[in-house]
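Report on the following structure.
Residue numbers start at 1 and run along the sequence shown.
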Amino acid sequence: MIAFVSGTIAALAPDTAVVEVGGVGMALQCTPDTLAKLRLGEAAKLHTSLVVREDSLTLYGFADDDERQVFELLQTASGVGPRLAQAMLAVHTPDALRRAVATADEKALTAVPGIGKKGAQKLLLELKDRLGAPLGTAAAVAPAARGWRDQLHTALVGLGYAPREAEEAVSAVAPEAEAAGGTPQVGQLLKAALQTLNRAR
């Protein structure tokens with residue numbers, strides 16, 4: 001079991017960070033919020049969860065150990081694999097997920113791509129006694145509830161783009177975000193923004 005990875009950020013992509021550890025580049029699947037905190041060439045420590053499949057070994061990286069624990073707890077629910085668990089953490093902080101489960105907030109769970117009304121109801125039942133009570137205050141805000149523009153801009157700058165380029169890309173995907181309603185998916189917007197930047201170069 002690899003509990004954490006500590007080293008220099010060698011590369012960043014929309015859903016992956018490569019951390020150089022002792023001359024070896026380790027690829028970690030991360031949420032947009034975690035990636036936004038990383039900078040190329042700078043040292044970082046990411047808590048990790050190793051998912052073993054017959055045909056693959058995938059390392060998931062997290063900003064803190066609480067996020068890693070929630071990622072693993074989510075997968076104890078039937079029908080939740082690592083990708084869906086990561087999608088849930090891309091939309092909500094660990095505390096926001098605890099609060100959603102504690103208050104039986106179906107709407108919060110259906111905001112996650114891949115979770116419908118019936119799936120949300122099932123998850124609320126299964127996770128009720130597993131996630132525990134929220135740790136922070138009621139004022140804690142989920143990443144998706146924060147200004148998506150700020151979050152997307154920070155992620156693009158973290159990937160190495162100039163602030164001006166990042167601002168132009170954010171403006172380019174604004175219509176897509178507004179069409180998504182109240183809680184646009186930052187991961188999807190990040191991919192769209194990167195496509196815009198690649199076309200401009």
Can you list the residues that meet the side chain to side chain contact (heavy atoms under 4.5 Å, CB included) rule with T8, with sequence neighbours excluded? none
Residues that R130 engages under side-chain hydrogen bond (donor to acceptor under 3.5 Å, both in side chains), provided they are two or more places apart: T76
In terms of heavy-atom contacts, L40 and L12 come closest through CD2-N, 3.9 Å
If you look at every heavy atom in F4 and T48, which pair is closest and at what distance? N-OG1, 3.5 Å
Separation between CD (Q75) and OG (S49), nearest 0.5 Å, reads 6.0 Å
Would you mind reporting whether V173 and L190 have side-chain heavy atoms less than 4.5 Å apart? no
Taken to the nearest 0.5 Å, the spacing of I115 CD1 from L123 CG works out to 5.0 Å
So Y60 and P82, do their side chains get closer than 4.5 Å, heavy atoms only? yes
To the nearest 0.5 Å, what is the distance between CG (L89) and OG1 (T34)? 8.5 Å
Could you tell me which residues satisfy salt bridge (Lys or Arg N to Asp or Glu O under 4.0 Å) with D66, sequence neighbours excluded, listed by chain and number? R98
When you group the ILVMFWY residues by side-chain heavy-atom contacts below 4.5 Å and let the links chain together, are M88 and L125 in the same group? no
Salt bridge (charged side-chain N to carboxylate O under 4.0 Å, His left out): which pairs involve residues 43-59, sequence neighbours left out? none
Between R83 and V80 (side chain of the first, backbone of the second, donor and acceptor by atom type, cut-off under 3.5 Å), is there such a pair? no
Below 4.5 Å, heavy atoms only, C-beta onward: do E67 and T93 meet side chain to side chain? no
Does the H92 side chain pair with the main chain of A108, one donor and one acceptor, at a distance under 3.5 Å? yes
If you take all heavy atoms of R68 and A3, which pair is closest and at what distance? CD-O, 4.4 Å
What distance separates F71 CZ from L97 CG, expressed to the nearest 0.5 Å? 12.5 Å
Which atom pair, heavy atoms only, marks the closest approach of L38 to A44? CD2-CB, 3.9 Å
For P14 and L194, work out which heavy atoms get closest and say how close. CG-CD1, 2.9 Å
L28 side chain near T16 side chain, heavy-atom distance below 4.5 Å: no
Under 4.5 Å between any side-chain heavy atoms of L189 and V170, yes or no? no
Sequence neighbours excluded, the answer for side chain to side chain contact (heavy atoms under 4.5 Å, CB included) partners of A11 is V18
Side chain proximity check, L35 to T31, heavy atoms < 4.5 angstrom: no
Looking at side-chain heavy atoms only, is the closest gap between P94 and L131 below 4.5 Å? no
Mind listing the closest non-hydrogen atom pair of A63 and H47 along with its distance? O-CD2, 4.0 Å
Side chain to side chain donor-acceptor pair (under 3.5 Å) pairs, two or more places apart, involving residues 101-125: S78-K122, E106-Q121
Do E42 and I9 touch side chain to side chain, with heavy atoms closer than 4.5 Å? no
If you apply the rule side-chain contact (heavy atoms from CB on, under 4.5 Å), what do you find for S6 with V21, and how did you get there? CA-CA 7 Å; S6 183; V21 183; over 6 Å; no
